[in-house]
Amino acid sequence: MEDKHLSEQEAIRREALNELRALGIDPYPAGSFPVNTTTTEILENFNPKKENFSDVSLAGRIMTRRIMGNASFAEIQDEKGRIQIYVRRDDICTGEDKTMYNTVFKKLLDIGDIIGVRGFVFVTKMGETSIHVKELVLLSKSLRPLPVVKEKEGKVYDSFSDPDQRYRQRYLDLIVNPHVKEVFIKRTGIINSIRGFLDAREYLEVETPVLQPLYGGAAAKPFTTYHNKLDTRLYLRIANELYLKRLIVGGFEGVYEFSKDFRNEGMSRFHNPEFTMVELYVAYRDYIWMMDLVEEMLEKVAVDVQGTTEVRVDDKVISFKRPWKRYTMYEVIEEYTGFEISQMDEQQLFSVAGDLGVEVDKTMGKGKIIDEIFGKKCEPYLVQPTFITDYPLEMSPLARKHRSKPGLVERFELIVNGKELCNAFSELNDPLDQRERFIQQLKLGERGDEEAMVLDEDFLKALEFGMPPTAGLGIGIDRLVMIMTNSASIQEVIFFPQMRPLKKEKEDDNAQFTALGIPEEWVDVIRKMGYTTVESFKNNKPGKLHNELCGYNKKNKLGLQNPSPEEVKKWLEN
RNA sequence: GAAUCAGUAGCUCAGCUGGUAGAGCACAUCCCUUUUAAGGAUGGGGUCCUGAGUUCGAUCCUCAGCUGAUUCACCA
């Protein structure tokens, strides 16, 4: 059935595949093809005087081809980069039989095929380091044409740039857009850097459940799923906080986890339904201490992946060099709006919001209004790494109350480039206070807040056994990677971002058509006329169809024997 | 969820005031013994996103839908 929809180019490649087989060449050979160098290694280290790289073995994908009479140039691309290869007829065909060059290389290979070559490195007259090929092996035949992106003097032609196609077919994006690969290499570098930092301090990397009977640790809507054997609903985690704290209760003094979290919310260039966080919990520490750790860790990350503390984002330079600015929530609001709100009650805050043109409504409590003012009037302007500390209690049900400021909690967020990057607090370890906070959340939930947390009795039980004072931290890895790689959207830093499913066109197979008595050769025609289902086909008057069929046959000079009107009528009746 | 823009060949894009479509690359055939987004000649390739409407006639105008992008909103 697939074969019916092949483009001309695809058909030609399949034909080439058959011809290769006929020549006794396996287009998908078994066995390894050991490589002894890489493209960049050659380009960086080849020295004609030293005559090094005199026997290289290299494999990769054919990206360009320029065929002459009996000598050709092509470029092959491996994981590291591209290099030109020079293929001469009499080198790869040492005997009388020139099939390998004339037929196989020139006609049956295509851009996109994966080949292995052996030969020596030299410099062409044009001054380009190339491989003079002595032996060439097809390793994998490509059946679909690759988007061909060309480049000259830094200028890119015919770039493969449609985001939809790039994300849906990321492998193509990776093949033809080399800078994309860089982003993901950096992503792994960032994660490794963080892991190295935390391991050096002997915190234990752990794993906690993705499938949870109760979700918690964040304010978000979950995905739900179902376990058949247990006959119970499960949730995909929105955070791993409550499990990591149970481990602190259990006696570990420093645990962390890189976790995929899932939130059933809107998608945007800053939100993907599944995203990666690293969460860290350290016993006998508080949020002040945690701020220092974050500074040190992210400075190290910047240096590890960039070689410098300066990161260029759009037209700005962001410096991760310590120390960073620290404001309390009230201070930063005063700095950016001129209003000193620390002593204000809900009514006063409401009018301040009005003066500032910040939209608020009656349902919002004090904490929510403050958060709204901060989000609109301060956060977007905080480009350099800045810590904001001491948040309103209402918004932080898992953070401990501030040791000296009533109504606040010991919490900080790190803002970089106008976006929240980390969230941390001195963890609430008073089980009775925690129960009270959960109850408050339940009330919010009853009022219709879909993101309110649920009461986790099992977690409370753990706290009741006693949890040491603990500092906790969460960092959004995707957003960190966005900053470190100057990426405009989260989709650029996730290999396979969530995409709306493509609408599948319903299609019946040939057997369903032939069952009506339609001859095989006409099924094709019917399909091409746009009737892909039996239903859509039968939903016509016989006269009209008969007309259309004959017309199509004539117009496209198919030379088929036209069916009679009676036959068509019969098809529809079957 | 809202506004704006877009959807035409495998890829990147043109297409005037409505008259059934073009270019470059890719592909095919041929020419050329080291080219540089190779060059030259010839050729094949299209459900102009889908569906209605207006019209003698729609890729183009109108409406609805689908998909995407951007900005905003929502969202730790």
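Just so we're on the same page: letters track the sequence lines, and every chain starts at 1. Just so it is clear, the values below take in all heavy atoms, side chains as well, and ignore hydrogens, waters and symmetry mates.
- Put simply, A:Arg66 has no side-chain N or O that comes within less than 4.0 Å of OP1 or OP2 on B:U35.
- Across the strands present, B:G68 finds its partner in B:C5; the criterion is a Watson-Crick or G-U wobble pair with both atom distances under 3.5 angstrom.
- B:U55 is unpaired under the Watson-Crick or G-U wobble criterion, no partner having all donor-acceptor distances under 3.5 Å.
- Counting only N and O atoms by type, the side chains of A:Glu257 and A:Thr208 include a donor and acceptor under 3.5 Å apart.
- Judged as a side chain to side chain donor-acceptor pair (under 3.5 Å), and not counting sequence neighbours, A:Asn70 has no contacts.
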Please list each protein N or O that sits under 3.5 Å from an N or O in nucleotides 11-13 of chain B, with the distance.
none

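- For A:Tyr391, there are no ring-ring contact (aromatic ring centres under 6.0 Å, His included) partners, not counting sequence neighbours.
- Nucleic acid contact for A:Arg411: base, since at least one base atom lies under 4.0 Å from a heavy atom of the residue.
- If you check the side chains of A:Asp390 and A:Thr328, you find no donor sitting under 3.5 Å from an acceptor.
- Using P as the reference atom, B:C60 and B:C16 are 11 Å apart when rounded to the nearest Å.
- Applying the side chain to side chain donor-acceptor pair (under 3.5 Å) rule to A:Tyr281 yields the partners A:Glu241, A:Glu279; only residues at least two apart in sequence or on another chain are considered.
- A residue-by-residue look at A:Arg479 and A:Lys376 shows that A:Lys376 has its nearest nucleotide of RNA chain B further toward the 5' end.
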Enumerate all atom pairs, one protein N or O and one N or O from nucleotides 29-34 of chain B, separated by less than 3.5 Å.
from, atom 1, to, atom 2, distance (Å)
B:U34, O4, A:Tyr86, OH, 3.2

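- Nucleotide B:U12 is matched to B:A23 when pairs are restricted to Watson-Crick or G-U wobble geometry with both distances under 3.5 angstrom.
- Nucleotide B:A73 has no partner under the Watson-Crick or G-U criteria, as no pair reaches both atom distances under 3.5 Å.
- Judged as a ring-ring contact (aromatic ring centres under 6.0 Å, His included), and not counting sequence neighbours, A:Tyr381 has no contacts.
- Across all strands shown, B:U35 forms no Watson-Crick or G-U wobble pair with both distances under 3.5 Å.
- The side chain to side chain donor-acceptor pair (under 3.5 Å) search around A:Gln498 returns none, not counting sequence neighbours.
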For residues 414-421 of chain A, please give each side-chain donor-acceptor pair under 3.5 Å, one per line with the distance, not counting sequence neighbours.
from, atom 1, to, atom 2, distance (Å)
A:Asn417, OD1, A:Lys316, NZ, 3.0

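- Remark: the A:Glu128 side chain and the B:U35 base include no donor-acceptor N/O pair separated by less than 3.5 Å.
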Atom pairs under 3.5 Å, N or O on each side, protein against nucleotides 4-6 of chain B: can you list them with distances?
none

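- A:Lys401 pairs by the salt bridge (charged side-chain N to carboxylate O under 4.0 Å, His left out) definition with A:Asp433, not counting sequence neighbours.
- Applying the side chain to side chain donor-acceptor pair (under 3.5 Å) criterion to A:Arg269, with sequence neighbours excluded, gives no partner residue.
- Residues forming a salt bridge (charged side-chain N to carboxylate O under 4.0 Å, His left out) with A:Arg166 (at least two apart in sequence, or on another chain): A:Asp173, A:Glu492.
- Remark: B:U29 base-pairs with B:A41; criterion is Watson-Crick or G-U wobble with both hydrogen-bond distances under 3.5 Å.
- The nucleotide whose nearest atom lies closest to any side-chain atom of A:Glu8 is, among B:G44, B:U71, B:U67, B:G44.
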